[in-house]
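Below is one structure; the comments refer to it alone.
Letters A, B, ... are given to chains in the order of the sequence lines, protein chains preceding strands, and every chain is numbered from 1.
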Amino acid sequence: MDAPPENHFRSRPGAIRAWENVLHWLFRGATYLVLLCGGLVFGQIVWRGAQTVFTTRAPFVNVAFFTEAPESLHVFEYQGQKQELGDRAFNAFKVAHPDAKDVKDESYVYSAGGIFPCIVGTVLLVAGSMAIALFLGVSSAIYLNEYAHDSALVRFIRLAILNLAGVPSIVFGLFGFGMFVIFFGWNVSLIAGWFTLAFMVLPVVITASEESLKAVPKGFREGSLALGATKWQTIRQNVLPYALPGILTSSILGIARVAGETAPIMFTAAYVVRDKLPWEGLTKASDFFFQGVMALPYHIYVVSSKIPQNEYTARVQYGTAFVFLLLVALIASASIVLRSRLRNRYKW
Amino acid sequence: MPAAISPTMERPSAQPTAPALAVSAAGTAASAAARTIIDIDHVDFFYGPSQALHDVSLKLDEKKVTAFIGPSGCGKSTLLRCLNRMNDLIDGTRVAKGSIKIRGVDIHGPQVDVIELRKRVGMVFQKSNPFPKSIYDNITYGLRLQGVKDKSRLDAVVEKSLRGAALWDEVKDRLHTSGLGLSGGQQQRLCIARAIAVEPDIILMDEPCSALDPISTSKVEELIHELKKQFTIVIVTHNMQQAARCSDQTAFFYLGRLVEFADTRTIFMNPANPQTEAYVSGRFG
């Protein structure tokens with residue numbers, strides 16, 4: 001009988017192995033902590049927001065929250081029963097019950113009704129700033145990547161773009177206020193908000209567009225130029241279509257993120273409250289651009305810090321935050337769908 | 001030194017019908033004598049500070065296949081890309097001295113629109129670069145840019161070009177599928193078809209077979225034989241057998257200088273320059 005061969009590969013415990021384990025668990029722990037934070041943030045907003053947004057009775061969605069303007073909430077006791085009614089319902093109630101005329105109520109601003117004007121305002125802000133940022137951003141990315149030769153000026157422009165990306169949002173807000181609201185005399189308006197948000201997202205759009213343009217193989221350009229195409233024909237036919245999925249995805253994601261910023265719009269576009277919806281009461285078409293709007297992030301800011309806090313305002317806060325998250329998720333998933341559609345069309 | 005050899009003039013003529021090649025445009029159209037179509041005259045070329053071509057002079061004949069050979073970095077591709085000014089795309093490049101004339105016109109002259117030049121001087125690249133469009137759209141790309149919309153004319157050009165590129169029988173049933181679905185060799189022939197669809201004068205080929213297998217290579221080489229009936233072809237190749245098989249004339253470059261230019265037979269059988277002999281016999285490069 002031969003003895004079993006000696007095992008040269010047996011594990012040798014020691015400091016190095018112990019250190020390996022420690023680091024492994026450190027890295028793993030750090031990763032799980034991120035998951036925990038994310039879960040807590042989302043969990044809290046979804047859990048508390050869902051109580052406002054969804055109801056227990058059919059249609060199970062708080063329709064008024066999505067379709068009505070904010071109102072004050074009146075809380076009072078009538079014939080031994082506690083009532084919570086919005087402005088209009090409260091007035092109707094008083095008409096229906098003349099004896100309730102002198103009932104003692106406590107009112108809480110913005111805690112009844114819905115956030116429809118804020119949703120509309122945010123959608124308008126996002127759409128307009130997206131159009132401006134895409135136009136300016138893609139144009140300058142095309143210039144930088146396709147037309148410009150390497151020079152001191154171009155390097156300086158790139159540096160400026162990098163710096164622009166690092167500017168805090170409140171500074172953009174102040175810039176927009178000074179430039180558009182005061183100097184151009186646009187007042188607090190949609191168009192001032194559009195340009196402020198667009199300038200803020202511009203670095204993202206330019207960088208993303210340049211990366212996407214760079215990813216288009218050189219052979220597409222050379223092949224086209226060698227057939228006697230002009231530069232623009234080449235870009236239009238043989239470069240842009242293939243860069244478009246990347247440009248749109250990154251840009252839309254960037255814009256969705258910027259749409260969540262409060263600081264750039266608080267001086268330039270957002271009203272605390274506005275009775276009219278943006279398409280109501282316009283005397284001429286250009287008025288549309290020069291009106292302020294309500295917006296979701298600013299509304300959250302107002303109801304969480306500018307009015308007395310209580311259980312009733314908390315509902316609106318979390319409800320609004322929840323809807324806002326939904327909206328951003330919607331924009332992001334739209335961009336992903338768009339990308340996969342375009343990718344299938346322009347594959348190489 | 002290699003540059004001392006004057007390559008263009010005292011070339012022994014391989015074709016019995018061709019008289020000694022005095023370069024005159026007049027009176028030769030009807031005869032079988034080859035006419036100069038590209039006249040490269042003492043060209044110095046720079047990439048920024050580094051000189052890639054030193055005093056290169058060459059006269060290429062119409063409807064002939066001319067091969068540029070030489071080791072990597074010898075300037076043969078650079079010279080080829082000068083002929084349709086593709087080098088314009090690279091920052092800091094310039095022809096510092098000399099001139100390149102095509103049919104007597106200096107292509108760097110102020111009256112020359114590079115777009116028009118490239119319509120007349122087509123190019124096939126080392127890495128086949130079909131556009132991610134259908135085969136049909138690939139072929140019609142150049143014509144459509146010129147504003148041709150007539151469907152029947154486009155159809156005719158597609159068939160003619162694909163037949164010209166010996167690809168018609170293989171793809172005629174799938175003209176509207178992506179050009180990227182073709183094999184490597186087919187893709188390269190598609191690129192050739194795309195180049196001849198705009199009916200250029202001259203076709204430049206930059207190592208067109210370097211990424212192809214031997215069978216595809218031989219197909220492209222046969223194609224080159226066919227194409228020279230209609231087009232002047234300049235081909236850069238690393239493959240000496242290829243140069244020997246499919247070119248009429250061969251120019252050997254080394255370190256940015258033209259070492260020797262002569263009929264392909266002469267270059268391979270009886271080169272005048274010892275460096276050429278060393279290279280074509282495989283002793284270096």
Side-chain angles (χ1 to χ4, degrees), chain A residues 140-158 210-249 338-348, chain B residues 48 80-81 83-93 113-133 137-147 161 178-181 187-188 190-200 202-206 211:
Chain A
S140 35
I142 287 175
Y143 177 73
L144 285 174
N145 200 52
E146 308 289 332
Y147 286 92
H149 303 280
D150 190 38
S151 69
L153 179 64
V154 167
R155 280 194 294 274
F156 182 72
I157 292 173
R158 286 183 201 280
E210 265 209 274
E211 290 307 314
S212 308
L213 289 170
K214 280 203 185 88
V216 176
K218 209 174 70 176
F220 292 7
R221 295 181 180 85
E222 288 191 332
S224 173
L225 291 169
L227 288 168
T230 63
K231 200 141 194 167
W232 169 244
Q233 285 174 328
T234 300
I235 294 169
R236 171 71 192 78
Q237 302 286 336
N238 238 1
V239 178
L240 259 191
Y242 309 115
L244 210 55
I247 292 177
L248 287 182
T249 317
L338 190 68
R339 173 175 59 181
S340 64
R341 286 254 175 105
L342 287 173
R343 280 246 169 101
N344 288 336
R345 225 169 94 199
Y346 297 115
K347 247 195 304 225
W348 77 85
Chain B
L80 189 80
R81 292 168 63 94
L83 300 181
N84 66 346
R85 286 178 54 187
M86 249 2 219
N87 286 326
D88 289 12
L89 304 182
I90 304 166
D91 283 348
T93 58
D113 181 354
V114 69
I115 308 294
E116 298 303 320
L117 172 70
R118 290 182 190 144
K119 285 181 192 165
R120 311 299 309 149
V121 185
M123 189 165 204
V124 175
F125 295 85
Q126 178 174 7
K127 193 169 172 299
S128 67
N129 57 350
F131 306 140
K133 307 174 190 293
D137 288 345
N138 263 282
I139 308 275
T140 55
Y141 185 87
L143 284 179
R144 283 192 179 156
L145 290 182
Q146 294 173 26
S161 309
S178 170
L180 296 179
Q187 287 191 7
Q188 195 59 294
L190 176 63
C191 292
I192 294 173
R194 190 174 70 190
I196 63 181
V198 293
E199 299 192 321
I202 300 166
I203 300 176
L204 311 175
M205 297 188 173
D206 191 357

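Here the CZ atom belonging to B:Phe131 is positioned 5.0 Å from the OG atom belonging to A:Ser224, to the nearest 0.5 angstrom. In this structure, CZ on B:Arg144 lies 13.0 Å from CD on A:Gln233, to the nearest 0.5 angstrom. In this structure, the separation between OH on A:Tyr242 and NZ on B:Lys133 is 3.0 Å, given to the nearest 0.5 Å.
Contacts between B:Leu89 and chain A at a heavy-atom distance below 4.5 Å involve the side chain alone, from C-beta outward. With a threshold of 4.5 angstrom between heavy atoms, B:Pro200 does not approach chain A through any atom at all. Only the backbone of B:Val121 comes within contact range of chain A, with heavy atoms under 4.5 Å apart.
Within 6.0 Å of atom NZ in A:Lys218, 12 or fewer heavy atoms from other residues, nucleotides or ligands are found, so the atom counts as exposed in its surroundings. Dense packing is recorded around CZ of B:Arg120, with more than 12 heavy atoms of other residues, nucleotides or ligands lying under 6.0 Å away. The number of heavy-atom neighbours closer than 6.0 Å to CD of A:Gln237, taken from other residues, nucleotides and ligands shown, is above 12.
Of all heavy-atom pairs spanning A:Ala226 and B:Met123, the tightest one is CB-CB, 3.9 Å.
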Verdict with reasoning, B:Leu145 to A:Leu227, per side chain to side chain contact (heavy atoms under 4.5 Å, CB included): CA-CA 9 Å; B:Leu145 290 182; A:Leu227 288 168; 5.6 Å; no
